[in-house]
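Worksheet for the structure shown next.
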Amino acid sequence: MRYLTAGESHGRALIAILEGVPAGLKISREDFDREAARRMSGYGRGGRMKIESDKAEILSGMRGGYTTGAPIGIMIQNRDYPNWERATDPFTGDVSLKKLTAVRPGHADYAGCVKYGFDDARNILERASARQTAIRVALGVVCKRYLAELGIFIGSHVTVIGGVRGAYVAATARELERADSDPVRCMDASASEKMCARIDEARAAGDTVGGKFQVIAEGVPVGIGSHTEYFRKLDYRLGGELMSLQSVKSVSIGLGADCESRPGSDVHDAMYLKNGRIVRRSNNAGGIEGGISNGENIVINCVVKPIPTLMAGLPTVDIAQLKETLSQPERSDVCAVPAAAVVAEAITAYVLADVISETLGGDRMDEVKERFLKKVADAK
Ligand code: EPS
């Protein structure tokens, strides 16, 4: 599989083409709507989410609720576009409108302007914006459906916001469905309240907060990914794709950085026999050993930096006037960690679907399922 996305935050629409999806995969309107709503929710989101509906329009590659094997074209129209058309229309857009020259530290504004030769960050931030994640979630819907047909399920929950830690330790991905009913998608109710209070505090101070979330994929059989080349390693693929999610500063698998001080005897997941089958008593590896899935849950933790648009501003330089000033506030979110977790599920789904389809091939879903069952049966 492969995909490309295009579209600006305040342009007409976001679009994507996903290629390599087998024929015969059932996907419903509700599948798209549900995931879009999950991404748009979360305490700490800004005013934009009240304007948008993130309705995914399927332009190609599906008929009568099933994929045809042809490239899937998806579009999400930006409802905010009419308010921006004068500034962002591809031909008549007035470049003197909506200028941002007091670049925001932490955003792509400064480096993007230097790289592409602008003294107005509008052309950079429009594409760098996390608005792009709306279309990635729509792509993820297709991939999640592909995986669900094989019995693979992906969930996520928020574990830290602005230094407030949740105490919940998740064992399965399915139990994480409950996170959707919490305002910050945290499984620990008392921590959730404190997280919301922390977001309120940041909002009142004109500040922002980041945090951490966990993604779990369950049902991945042994043997997805490969040790034979760097680009075949499953953790390389997940790491790269997840690092490309706006604001993500670290991705770790299993114990991650907690390996640094523990001896090997306390890190590696000892193997035992139970009724003639190989079992583990821990999953510190997070389901990947040597770049290959080992049959345990795939457990990924990501740290998200605070959003770089601060209403209170940050010391910066106006790149047009070369003058010290405060960064220019734009409408933005105070905290987008709950939404980032939902996008990370979609990204994880894409990587797993891509690597599995590369391993199994298959033009049709019935072929894919048959080959998948054979793969599952390989495990001792
Ligand atoms: C987002 C849309 C954006 C921001 C946010 C994510 O809308 P606007 O810029 O019009 O308010 O709310 O983007 C950022 C935080 C960012 O830094 O770019 C969305 O659809 O998720």
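Source: prediction; values computed, not measured. Numbers here are sequence positions counted from 1. Note that ligands are numbered from 1 as they come in the structure, with each ligand's atoms numbered from 1 the same way. All values below were derived from every heavy atom in this structure, side-chain atoms included, with hydrogens, water molecules and symmetry-related copies excluded.
For Arg145 and Glu35, the salt-bridge test fails: no basic side-chain N is under 4.0 Å from an acidic carboxylate O. Using a 4.0 Å cut-off between charged nitrogen and carboxylate oxygen, Arg131 and Asp54 count as a salt-bridge pair.
Sorted by first then second residue, the salt bridge (charged side-chain N to carboxylate O under 4.0 Å, His left out) pairs that include residues 69-82, not counting sequence neighbours, are Arg48-Asp80, Asp80-Arg331.
Regarding atom 13 (O) of ligand 1, its nearest protein heavy-atom neighbour is Ser129 OG, 3.6 Å. Ranking the protein heavy atoms by distance from atom 21 (O) of ligand 1 puts Arg39 NH1, 2.7 Å first.
The nearest non-hydrogen atom to atom 15 (C) of ligand 1, considering only Gly42, Ala108, Ser332, comes from Ser332.
Taking the ring centre of Tyr272 as origin, the terminal cationic atom of Arg281 falls inside the region bounded by 6.0 Å and 45° from the ring axis.
With a 4.0 Å heavy-atom cut-off, ligand 1 is reached by the side chain of Met49 but not by its N, CA, C or O. Counting heavy atoms under 4.0 Å from ligand 1, residue Arg131 touches it through both backbone and side chain.
In terms of N/O distances under 3.5 Å, ligand 1 is approached by Arg331. Not a single N or O atom of Thr309, backbone or side chain, sits closer than 3.5 Å to an N or O atom of ligand 1.
Remark: distances from the non-hydrogen atoms of His10 to ligand 1 include one below 4.0 Å. For His107, the closest heavy-atom approach to ligand 1 falls below 4.0 Å.
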